[in-house]
Amino acid sequence: MCASCRTLSYFGEMRVKVTVLFFAALREQLGRPREELDLPSNINTIGGLRDHLRARGGAWASAFAPNRAVRAAVNQDMAQPAAAIKAGDEVAFFPPVTGG
Amino acid sequence: MCASCRTLSYFGEMRVKVTVLFFAALREQLGRPREELDLPSNINTIGGLRDHLRARGGAWASAFAPNRAVRAAVNQDMAQPAAAIKAGDEVAFFPPVTGG
Amino acid sequence: MKVAVQREDFDLGAEVRAISKDSKVGAVASFVGLVRDVRMTLEHYPGMTENAIRGIVDQAASRWQVMDCTVIHRYGELQPNDQIVLVAVASAHRGDAFAACEFIMDYLKTQAPFWKKEHRAGGAAWVEAKAADDQAAGRWKS
Amino acid sequence: MKVAVQREDFDLGAEVRAISKDSKVGAVASFVGLVRDVRMTLEHYPGMTENAIRGIVDQAASRWQVMDCTVIHRYGELQPNDQIVLVAVASAHRGDAFAACEFIMDYLKTQAPFWKKEHRAGGAAWVEAKAADDQAAGRWKS
């Protein structure tokens, strides 16, 4: 974990900086390819981050609706919902892949 | 069956003319790539012809020994020992194939 | 082992020749995927893509006798009949070459971060993933 | 469907391109068999060979979705690293292309009348057929 990624918020609460990337239909629907996030430290799994993003409502609520198939990667490795995320990680969300 | 392929021998016995081809190790062992045969009409299967050739003795006995794997074709189609042969047929004997 | 993720087209013949030079290679199985009727854009995840493909190739090489292997996957704008992906596997034996080649393709389809967007007369649409692809990849687990 | 039995070498890239032109083709699986360390002579049964290969290709086309197919098998004198055989199958789908290509190779190995004679320092010897090849062809019967 990089020291600069872990910061204290105004309230003294521990925050975790991560980069979140979005691809394909998800990128278009959310109107952005990436975002730098400063997460409360209780959001420490892929599943937790997904819930956190869904709670923003609007396009976020539908993009991350429970019935939407969304895949994730942590630091460029495919990751399951239970996978841990920590400060400095590169997290990506995307639809099931369709290459080949 | 072509009329000219079926002939009567000196003794009035029915004879069946076939062309027999030999390939690869069998061709080398028997010292010939082909032979025109005038068979007694009771030799009318691949298995029967094989026994007939083995009975010549010498190289023929070892080339067609029961423990030698020999494959056959009739008119350029793979054939089993029970397959019929008739006048005018092209019969081939060869080792198991090794192409590809 | 060569892995390339590129916009440019590739040359199957040249790629297969390049992995066939060792005189112990007796078999090269290869696969080319092509764009069918519809113009498309292929998006990918730069950085992850090559790593994911290398991981798939390493798995194949641990399961079968693989002497050399080339995987090329294109991205960007592609026209009907364009080549999309090449997988070529050289081995001493044909069974290993075929199995490793098909395994790599099946895993590419479910594990490599590429997404196809088709441009039809009615508009553009992202291609939906197929359950059949998950099944194809899943059968190698047995 | 193209079947050729020839002394001349072949060009994998050109052969695959030739069967990839239809825009409904989405997948081409191909296989090249090569001479390994030893110089060899390939004998065949002229006339039967092409018929046997056509029979094998027809069987494959009746079992899988095959849009086009090319099989080329060489005979005569071959040097180490020379190409011996090419099988290429074009289909809409990769599963069909792979299965038909491997099926054709497995059946070629047991049904097409070719015989290899290897020329080693110690002398020339005919290659023995492998039980593994019969097993490989047999598994398609299930």
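We name chains A, B, ... by the order of the sequence lines, and we start the count at 1 in each one.
Taking chain B as the reference chain and counting heavy-atom pairs below 4.5 Å, the highest number among D:Tyr45, D:Tyr75, D:Phe31 is found for D:Tyr45.
Using a 4.5 Å cut-off between heavy atoms, D:Ala52 makes no contact with chain B at all. There is no contact between B:Asn75 and chain D, counting heavy-atom distances below 4.5 Å. Of the atoms belonging to D:Gln111, heavy atoms from both backbone and side chain fall under 4.5 Å from chain B.
For D:Arg36, there are no salt bridge (charged side-chain N to carboxylate O under 4.0 Å, His left out) partners, not counting sequence neighbours. The salt bridge (charged side-chain N to carboxylate O under 4.0 Å, His left out) check on B:Glu28 picks up D:Lys117, with sequence neighbours excluded.
With rounding to the nearest 0.5 Å, the separation of OG1 in D:Thr110 from CE in B:Met78 is 7.5 Å. Taken to the nearest 0.5 Å, the CZ atom of B:Arg27 stands 5.5 Å off from the CH2 atom of D:Trp126.
When all heavy atoms of B:Phe23 and D:His44 are compared, the closest pair comes out as CE2-O, 3.5 Å. Taking both residues in full, the closest heavy atoms of D:Met48 and B:Ala73 are given as SD-CB, 3.6 Å, listed atom of the first, atom of the second, then distance. Of all heavy-atom pairs spanning D:Ala129 and B:Val97, the tightest one is CB-O, 3.9 Å.
Heavy-atom neighbours of D:Gln6 CD from other residues, nucleotides or ligands within 6.0 Å: above the threshold of 12. By the 6.0 Å contact criterion, CD on B:Glu35 is enclosed, its count of non-hydrogen atoms from other residues, nucleotides or ligands being greater than 12.
At least one side-chain heavy atom of D:Trp115 sits less than 4.5 Å from a side-chain heavy atom of B:Thr98.
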